[in-house]
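Working notes, structure below.
When a residue number appears, it is its place in the shown sequence, counting from 1. We count ligands from 1, going down the list as the structure has it; atoms in each ligand are counted the same way.
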Amino acid sequence: MKTAELFVSCLENEGVEYIFGIPGEENLDVMDALLESSIRFVTTRHEQGAAFMADVYGRLTGRAGVCLATLGPGATNLITGFADANMDRAPIVAIAGQGATTRMHKESHQVLDLVNLFGPVSRYSAQVRVPEIVPEIVRKAFKAAQAEKPGGSFVELPENVAGAEMAAKTPLKVQAPKAPVAPQQKIEQAARLIDGARYPLVMAGNGVIRGGACEQLVRFAEHLNLPVATTFMAKGAIPASHPRSLGAVGLQARDYVACGFDRADVIVCVGYDMVEYHPQLWHPSRDKQILHIDMTPAEVDEHYILACGVIGELGASLDGIAALARPQVQDHAGTLRETIVQELRAHRADRAFPIKPQKIIWDLRQVLAPEDIVISDVGAHKMWMARMYQAERPNTCLISNGFSAMGIGVPGAIAAKLVHPERTVLTVTGDAGFMMNSQEIETALRIATPMVILIWNDSRYGLIRWHQLRRFGRDSHIDFTNPDFVRYAESFGARGYRVGAADELIPVIEQAIADDTVVVIDCPVDYSENMRFTERMGNLVCPI
Ligand SMILES: Cc1ncc(C[n+]2csc(CCOP(=O)(O)OP(=O)(O)O)c2C)c(N)n1
Ligand SMILES: [Mg+2]
C-alpha cells in the first residue's frame, strides 16, 4: 500500500468526517487517496478559513476538527485559526505537506521548519519521517488534541514519504482515557468550604461545556441555592433565564456582575480556565477563598491561590459536593441578572437609527430559537453579544475568547451548519472581521451551508476606537471604507439586504432565515453606546 493510503485510513479510523483545506503540490498523494475514502473534503478559499472551520467543528463536537494545507505558505496560513482552537481549548488536527526528506536539510523552495513553527501553538507537533510510524503519529495526534484540556496537533507528511510504497499496516485502536473521580476527602473539604461561606458565588468556564456537566452545574446551583456567573465561553452552561444565572463575566471594565464578585467570600470556579478571563480582573484583592473544580489542576497565578482543588470528572464532583454541602438560605443573585435584562428590555422599542447594540441583540433573541447557533466574530460587537445575548443552551453562542482572533465568524458558521444542519446558524460580525474571511461565502454556497451573516457596520475597527477613546479621548487610524455589502454578497450568488430603519431588522432577519441560503445583512450600528456604557460603568453603583 501507499503511505498516503494508510494515513487516510488512520484518519477514518479516528472518525474524521470532514477535512477542510486547500491542496498543494506536496500533498497530491493524500488528496488522491481521499477519493477512495468516506471522508468529505471541503475545499476552502483560504487556509485560515479551513482552520477556523476545524476549530468550530471541534468546539461543537468535542472531536478534533481537521484541516489540511500544503507546505510553506499554505501551512503558515493555517496558523491563526489553528492557534485560536489551541488557545480556546478546541480539539484540532492540522495536516501539512512538506518537501521531500532529501531536501529538508538545505535551503529549498517553500520549505520551512513547520514542526517548530507550530510547536508553540500546539500540544503535539511531529513529522512522519518513515511510513511505518503513520498509525502511531495519527493516533498520538488525535489523543493529544482531544485530551482535557483539548488543543492542537500538527502533523507534516513529506511528499516522498506520502508517496512511498510500504508493507500493509492497519490503524491503531482508538482509546480515550476516562477522567477519574475526585478523591472523596476533597469533595468533603469543598462542601465544608461552601458551608462556611457567607456570599459564595460560582463561576463556570468552558470546561463545563466540554465536560458535558451543564446539567450537573444547574442541579448544583439549584440544590445549594448558589448564583452562577459564566465566562463568555461558557454562555448557556446554565440557561440565561434561570433564576440562579447571573449572566456572563469577562469584560475588562467593571460590570454589574463584578459587584457579585466584590462581595463574594468564596468563589467556586468550575471548569474555569484563566485564558478566558484573567483572575487579576475579578480577584484584584486576592483575599477571597477559591474553590477550583476541574478535570485538571489549576494554573499558577498570584491571583488564583486555592483554598481547595477538586480534580476529577466534573459532573461527579458537582453532584458529590451538592450532596454534602448545606444549601444557602438566602438568594444573593436575582437583582444582578435582572439589571442586565432590564437594560436590554429598555431598548426593545428603540427606533433610533443607526441601531443601538442592545436593540440588535434584543431583536436577534426574538427571532432565533433556543437551539439556534450564533457565532460572534471579535470586536466591539463581541463585547455586547457576550455580555447581553441570552443563551439558553450550551454551545449556542460561540465566542472566541482565549485567542480572540478576528475572522472566525464566516468560516465558523460553515462548520456549525455542517454539524447542525437542522438549526439556523447566524454570524454576528464586525465589518472588519467579515472582510478577513468573506471569501468563504463562495465555499458556503458551493457546499450548500445556508447561514445569515449580520454585519454591524461602523466603517471602523470599533473596539480599538472604544479603547482609544477611553484611554486618550481621541482615536487613531481606525477608519476605513466598506464595499457595498449587498452587491458584494450578490456577486457571489448570495443574497444581501441593507437595514434602513430600526423596525426593519426583525423582518429582514426573518426573511434571511427563510431564504435558506447564504445571506449578508448590512446593519448600521450606533457605537456611541460604547462610551456611554463605559461612563455608566465608571459610575457604577452596585445594585445589591
Ligand atoms: C486577527 C486579529 N487582528 C487584530 C485583532 C485586534 N482587534 C480586536 S477587535 C478589532 C477591531 C474589530 O473591528 P470590526 O470587525 O469592525 O468589529 P467592531 O469592533 O467594529 O465591532 C481589532 C483590530 C484581533 N483580535 N484579531
Ligand atoms: Mg467595525
### Query
Is it the side chain, the backbone, both or neither of Lys382 that has a heavy atom closer than 4.0 Å to ligand 1?
neither
### Summary
Honestly, for Val525 the part within reach of ligand 1 (heavy atoms, under 4.0 Å) is neither
### Task
Could you tell me which N, O or S atom of Asp458 is nearest to the Mg ion (ligand 2)?
OD1
### Query
Can you name the N, O or S atom of Asp431 that is closest to the Mg ion (ligand 2)?
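Closest N, O or S atom of Asp431 to the Mg ion (ligand 2): OD1.
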### Message
Which of the numbered atoms in ligand 1 are under 4.0 angstrom from any heavy atom belonging to Ser404?
### Response
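Counting from 1, the qualifying ligand atoms are 24 (C), 25 (N), 26 (N).
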### Task
Pull out every atom of ligand 1 sitting under 4.0 Å from any heavy atom of Gly462, numbered as shown with elements.
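Near Gly462, meaning under 4.0 Å from one of its heavy atoms, ligand 1 has 13 (O), 18 (P), 19 (O), 20 (O).
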### Message
So, regarding Ala405 and ligand 1 (criterion: nitrogen or oxygen to nitrogen or oxygen, under 3.5 Å), is there a contact or not?
### Response
no
### Message
Pairs of nitrogen or oxygen atoms closer than 3.5 Å, one from Gly379 and one from ligand 1: do any exist?
### Response
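No, there is no polar N/O contact under 3.5 Å.
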### Query
Quick check: are there more than 12 heavy atoms from other residues, nucleotides or ligands sitting under 6.0 Å from CD of Glu25?
no
Looking at non-hydrogen atoms alone, which of [options] comes nearest to [atom]?
{"atom": "atom 17 (O) of ligand 1", "options": "Met436, Gln48, His381", "answer": "His381"}
{"atom": "atom 21 (O) of ligand 1", "options": "Trp456, Trp384, Tyr527", "answer": "Tyr527"}
{"atom": "atom 8 (C) of ligand 1", "options": "Asn437, Ile464, Thr429", "answer": "Ile464"}

#### Entry: the Mg ion (ligand 2) contact by Arg460, N, O or S atom under 2.8 Å
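Yes, since at least one N, O or S atom of Arg460 sits under 2.8 Å from the Mg ion (ligand 2).
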### Query
Just by modelled atom types, is the Gln468 backbone N or O under 3.5 Å from a matching donor or acceptor in the Asp475 side chain?
no
